[in-house]
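Because the structure is a prediction, the values reported are computed rather than measured. Here is how names work: the chains are called A, B, and so on, in the same order as the sequence lines, proteins then strands, and each is numbered from 1.
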Amino acid sequence: MAANEPLPGTADIWEPETLDWIELENNARDVFHRYSYSELRTPIFERTDVFVRNLGNETDVVQKEMYSFNDRGGRSLTLRPEGTAGVIRAIAFRGLEQGDEARVFYFGPMFRGERPAAGRRRQFHQIGVEAVGNDSPWMDAECIAMLTQYLDQLGISGSRVMLNTRGLPADRPKISAALVEYFTPHAPAMCEDCQRRLSTNVWRMLDCKNPACHDIALKAPNIVDLLGDESRGFFTRVCQGLKDLGVSYELAPRLVRGLDYYIHTVFEVTHPGLGAQDALAGGGRYRIELPGGKKAVEGIGFAAGMERLLMARASLGLQTQPNAEADVMVLSLGDNALLPGLQLAQQLRLDCGGLRIKADFSGRSLKAQLRGANKAGAKVALIRGDDELAQGSVLCRDMTSSEQESVALSNLAAWLRGKLPTA
RNA sequence: GUAGCUGUAGCUCAGUUGGUUAGAGCGCCUGGUUGUGGCCCAGGAGGUCGCCGGUUCGAACCCGGUCAGCCACCCCA
């Protein structure tokens, strides 16, 4: 049995669950198209350096979570751990002229070698968007509004938009210095990680979840207060745009995020139905250097975890109801009826589109086949044995009322369409 | 990588202080009409008790290891 289990952190997804996934995808297409974003599909694996150069060599994702391997030519390849790097690579490959913009969305599997937990898989799926080639705060507001509209359309209520800014790179030394100055005297009382972060990455001390650290971080200097005029002005406009669009958000002065490329706006959307990993989606504005000395590209984007969207919906009781396996069941009695049964089912699929038609080739007793039809949720069972074959008719049984009538083969499609008007 | 909890039939789970052929409900199959489902009745199939080793006269139960799942830390989607 163990030999057939999927690998840790991976899963087989069956109907009706697949219907929920389709729901996620269809709504994404619907909403994002309205904002003039177009669908982009990039490869699931890339050269390893695509991710290393984009995410930053020091990030946890690059350091210890990537599924990397050498192909037969000895190149180092990596299963994508996130979507942005591949999208940026694709946009750069196609070429983006000055002043041009690209607005795209994508969805698909991502891979990270982490220890699985609630809401965290090794193969997980994201729906993401990227708007590249713009530097406007209004784009940030629109992007976040698009995300909340998507959540609304999925019926996911109760989520919270947490918003912060990291400012421009030029603001960072001043802010870092202020944070080091604040945290240094408190360091002995903080966790090991934070003591290390004091020299490696002070910003992360702001969102440490260790209770003692958290209390100390609460009184840390506010990033927004230390921003230069340009950064502050940018952030102010993002907030203003959101207010104007009626998107409610909360300022989260200690929200930092893990990837190096973020500038200005960073945000996360959390949901109470998720457990410890409570982020439904996260994103922000970024500036990414392209290889070959080309100008850096700037953009705004986010990624939402599909499994987490599903968890949030489930916590609200929003799972899709399973379809009946079949609307119509074709039952064949005796060996002579099997081939005609195959033909009949096929013909009905052509004549009555929209109906699910399943043929029973088991050769079992009528009783057993009817039991099967009942189990499949069929509304109509079409029964044919030697008698019906001889007469050129089909015995049509209404599985709900238990009434049945003999219908000539030539009238069957019309009879079915009348009986089950979804066709 | 670290900690806790869990692992018995297809599914959800019982299994008393270690004691013979390991149980229930649901599901499945067959029969109760030579060709008629659901409800009911009768019968039946199905389990190396995650795996390996140890203790013992004897292990689903105790001990060690290992694998897997869940959840948490971490990180984030």
Atom pairs, N/O to N/O, protein against nucleotides 39-43 of chain B, distance under 3.5 Å?
none

Span that lies between the [atom1] atom of [M] and that of [N], in whole angstrom:
N     : M     : atom1 : result
B:U48 : B:G44 : C1'   : 23 Å
B:U66 : B:C73 : P     : 25 Å
B:C28 : B:G38 : P     : 10 Å
B:A59 : B:C52 : P     : 14 Å
B:G10 : B:C5  : C1'   : 25 Å
B:C76 : B:C49 : P     : 44 Å
B:C39 : B:C29 : P     : 13 Å
B:C62 : B:G19 : P     : 11 Å

Query raised in the report: Are any of the side-chain nitrogens in A:D327 or A:K379 under 4.0 Å away from the carboxylate oxygens of its partner?
Result: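 Yes, A:D327 and A:K379 are salt-bridged.
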Under the side-chain hydrogen bond (donor to acceptor under 3.5 Å, both in side chains) test, which residues partner [X], sequence neighbours left out?
X      : result
A:Q343 : none
A:N323 : none
A:Y262 : A:R257
A:Q195 : none

Produce the list of close N/O pairs, under 3.5 Å, pairing protein atoms with atoms of nucleotides 5-8 of chain B; give distances to one decimal.
none

Using whole Å, report how far [atom1] of [X] lies from [atom2] of [N].
X      : N     : atom1 : atom2 : result
A:L333 : B:U34 : CG    : P     : 14 Å
A:L382 : B:G35 : CG    : C1'   : 15 Å
A:D387 : B:G35 : CG    : P     : 11 Å
A:L370 : B:U33 : CG    : C1'   : 13 Å
A:K367 : B:G32 : NZ    : C1'   : 7 Å
A:R397 : B:U36 : CZ    : P     : 10 Å
A:L7   : B:G69 : CG    : C1'   : 14 Å
A:L338 : B:G35 : CG    : P     : 15 Å

**Report entry** Given B:G35, B:U36, B:A68, the nucleotide with the shortest approach to the side chain of A:E388
**Finding:**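 Ranking B:G35, B:U36, B:A68 by closest atom to the A:E388 side chain puts B:G35 first.
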Report task. Please examine the side chains of A:F267 and A:I144, heavy atoms only from C-beta on, and report whether any two atoms are closer than 4.5 Å. Result ->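 In contact.
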Query raised in the report: How about A:R112 and A:R122: do any of their side-chain heavy atoms sit closer than 4.5 Å?
Result: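 Not in contact.
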Query raised in the report: Quick one: side-chain hydrogen bond (donor to acceptor under 3.5 Å, both in side chains) pairs with a partner in residues 299-308 of chain A, sequence neighbours left out?
Result: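 Listed once each, the pairs are A:H125-A:E307.
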Query raised in the report: Are the side chain of A:S332 and the backbone N or O of A:A337 linked by a donor-acceptor pair below 3.5 Å?
Result: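 Such a contact is found between A:S332 side chain and A:A337 backbone.
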Please give the nucleotide sitting opposite [N] as a Watson-Crick or G-U wobble pair, both distances under 3.5 Å, or none.
N     : result
B:A24 : B:U12
B:C39 : none
B:U48 : none

Protein N or O to nucleotides 25-30 of chain B N or O, pairs below 3.5 Å:
| residue | atom | partner | partner atom | Å |
| --- | --- | --- | --- | --- |
| B:U30 | OP2 | A:R371 | NH2 | 2.5 |

Requested in this report: Using a cut-off of 6.0 Å, state whether more than 12 heavy atoms not belonging to A:R204 lie near its atom CZ.
Outcome: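 Atom CZ in A:R204 is crowded, with more than 12 foreign heavy atoms closer than 6.0 Å.
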Query raised in the report: CG of A:D335: more than 12 outside heavy atoms within 6.0 angstrom?
Result: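 Open.
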Query raised in the report: Of A:Y106, A:F107, A:Y150, which is the lone residue that meets ring-ring contact (aromatic ring centres under 6.0 Å, His included) with A:F32?
Result: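 Of the listed residues A:Y106, A:F107, A:Y150, the ring-ring contact (aromatic ring centres under 6.0 Å, His included) partner of A:F32 is A:Y150.
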Query raised in the report: Across the strands shown, which category fits A:L331 at heavy-atom distances under 4.0 angstrom: base, sugar-phosphate, nothing?
Result: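 Nothing, no nucleic acid heavy atom in range.
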Report task. Under 4.0 Å between any heavy atoms, over every strand shown, what does A:G9 touch: base, sugar-phosphate, or nothing? Just pick one. Result ->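 The answer is sugar-phosphate, as A:G9 gets under 4.0 Å only of primed atoms, P, OP1 or OP2.
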Query - Residues forming a side chain to side chain contact (heavy atoms under 4.5 Å, CB included) with A:A252, sequence neighbours excluded - result: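 Side chain to side chain contact (heavy atoms under 4.5 Å, CB included) list for A:A252, sorted by chain: A:M162, A:L255.
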Atom pairs and distances, donor-acceptor, side-chain atoms in residues 310-322 of chain A, under 3.5 Å, two or more places apart:
| residue | atom | partner | partner atom | Å |
| --- | --- | --- | --- | --- |
| A:R313 | NE | A:L154 | O | 3.2 |
| A:S315 | OG | A:A312 | O | 2.7 |
| A:T320 | OG1 | A:D20 | OD1 | 2.6 |

Report task. Only counting residues at least two apart or in another chain, list the ones meeting salt bridge (charged side-chain N to carboxylate O under 4.0 Å, His left out) with A:R34. Result ->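 A:R34 satisfies salt bridge (charged side-chain N to carboxylate O under 4.0 Å, His left out) with A:D30 only.
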Requested in this report: At under 4.0 Å between heavy atoms, which parts of nucleotides 71-77 of chain B does protein reach? Answer with one letter per nucleotide, 5' to 3': B base, S sugar-phosphate only, - none.
Outcome: BBBBBBB
Query raised in the report: Side chain of A:Q369, base of B:U36: donor and acceptor closer than 3.5 Å?
Result: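 In this structure, the two groups form no donor-acceptor pair.
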**Report entry** Matching residue for A:L382 among A:V407, A:I357, A:L348 - test: side-chain contact (heavy atoms from CB on, under 4.5 Å)
**Finding:**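 For A:L382, the side-chain contact (heavy atoms from CB on, under 4.5 Å) test succeeds with only one of A:V407, A:I357, A:L348, which is A:L348.
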